[in-house]
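Proteins come first, then strands; the chains are lettered A, B, ... in the order of their sequence lines, and each starts at number 1.
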Number of protein chains: 2
Amino acid sequence: MPKRVDHRERRALIADALMRVAAEQGLEAVSLRHVAAAAGVSSGMVQHYFRTRDEMMTFALAVIRERNEARVTRAIAALGETPAPRELLRTMLAELLPLDEERRADGRVALAFLAYTVVRPAVAAALHDETAALLGFIAGLISSGAGTTVDPERAAVGLLAVMEGLGIYLLGGHYPPETALAALDTQLDLLFGPAEPTS
Amino acid sequence: MPKRVDHRERRALIADALMRVAAEQGLEAVSLRHVAAAAGVSSGMVQHYFRTRDEMMTFALAVIRERNEARVTRAIAALGETPAPRELLRTMLAELLPLDEERRADGRVALAFLAYTVVRPAVAAALHDETAALLGFIAGLISSGAGTTVDPERAAVGLLAVMEGLGIYLLGGHYPPETALAALDTQLDLLFGPAEPTS
DNA sequence: GCGTTTACGTTGCAACTGCAATGCAAACGG
DNA sequence: CCGTTTGCATTGCAGTTGCAACGTAAACGC
């Protein structure tokens, strides 16, 4: 076994370059040579780690989802032992919003991938599962803490949609972060009843 | 003045072909030749009516927005003289959701354009205005009809976000139309208080 | 030493891209 | 009849694309 190299590290390096390109110029600018240049490597090397462009794309999409998941789990862990459902929900959803430049960059790529997968149903299956899992989690939190008598499932769908929609409008620059957060809190107020002043 | 041809009609014909291509294979598959083939014309003719590809894109984007606007005004007009705010709101938002195949096709293209404009801020200005106008309209309806004591502006932002998010998830096939409509109604319940059974 | 396997770099190619250029036919004003 | 303007088709070109095909260098087992 010759020349051992950390395979995953290289792939991550390339995927990182891909996302830089995608965030700045859109997914359609993501070509083998372009990504290779951004990563500072030869285009042959990119081909070595991803036999096809589509394979590279799929990997990058997985990276984004992992990053989001890591962000959320980290933010939740920072909440302490047994946070209130509403606080947990707010933290989680706010973390998924593109509120700073880092998350904006990720969000731009994610949005591009969203449009990408809509036309390629095969790739979209993974997103399906993620949504379903998130949905169940949110529904549980709502039913365990909401004051009003709403169907938790439906409310969860709505809440997730609010988050997604706010993300879209944030990326489009339609309004500033504070407005999005205010809208999110208003939404939570509707579900849980008005709350003591949130941070 | 020789050979008079309806300029707008031709452009509409081409834009229509563009959207068929975009809906089926994504925006990145939209090339001069491809669109020309889909429209059944020569690529030279496409060039005659749109001097650059970007000009063609911008026009297609405008067409989509006009179609949406027409859909909404038509649906609202069908409501009669003085509809209740809630009913008006529901009709409007439901009309903007990709609930049938026609609107799904439009939605796919719109989503692709969304990702497209995020990287090209110059094109996004028009969307800005549209959102702002919609927002003001919705806020007015809420403040004139909502039962709870919420800030109409914030609630409008949330409601619009719900609609956008539901649209995204519908396009992704994450859940069926009924689920989206149910979530929308739940959202309206939260704002206006539970209502008599909706159609 | 040698053979094999991995890790690249380089080159080449057919396909495609946007776009300019050119040509021609038709319709109108004069 | 003729020039001009418009509508459209064809062709060509430089650039880019994904990908295959090579090459070579390094690390290891034997």
Of A:Met57, A:Met19, A:Gln25, the one forming a side-chain contact (heavy atoms from CB on, under 4.5 Å) with A:Val30 is A:Met57
In residues 12-21 of chain B, which ones come under 4.0 Å of DNA chain D, going by heavy atoms?
none
Of A:Arg67, A:Arg10, A:Arg11, the one forming a salt bridge (charged side-chain N to carboxylate O under 4.0 Å, His left out) with A:Asp16 is A:Arg67
Within residues 108-119 of chain A, which residues have any heavy atom lying less than 4.0 Å from an atom of DNA chain C?
none
Over 60° means perpendicular and under 30° means parallel, so tell me whether A:His174 and A:Tyr169 are parallel, tilted or perpendicular.
perpendicular
A:Glu95 atom CD, over 12 foreign heavy atoms within 6.0 Å:
yes
In whole angstroms, the gap separating P of D:dC8 from CG of B:Asp6 amounts to 11 Å
According to a strict under-4.0 Å criterion, is A:His48 in side-chain N/O contact with OP1 or OP2 of C:dA7?
yes
Rounded to the nearest Å, what distance is computed from the CZ atom of residue A:Arg10 to the C1' atom of nucleotide C:dG9?
13 Å
Compare every heavy atom of B:Ala23 with every heavy atom of A:Val119, then report the nearest pair and how far apart it is.
CG2-O, 4.4 Å
Just call it for A:Phe50: base, sugar-phosphate, or nothing, with non-hydrogen atoms closer than 4.0 Å on any strand.
nothing
OG of B:Ser42 to CG of B:Leu32, rounded to nearest 0.5 Å, is 11.0 Å
Testing the basics here: between B:Ala183 and A:Arg154, what is the closest heavy-atom pair and its distance to 0.1 Å?
CB-O, 4.0 Å
Rounded to the nearest Å, what distance is computed from the CZ atom of residue A:Arg8 to the P atom of nucleotide C:dA7?
15 Å
Nearest to the A:Ser42 side chain among C:dA7, C:dT10, D:dC8, which nucleotide is it?
C:dT10
Per-nucleotide protein contact string for nucleotides 15-21 of chain D (B base, S sugar-phosphate only, - none; heavy atom under 4.0 Å)
--BBBB-
Are any of the side-chain nitrogens in B:Arg74 or B:Glu69 under 4.0 Å away from the carboxylate oxygens of its partner?
no
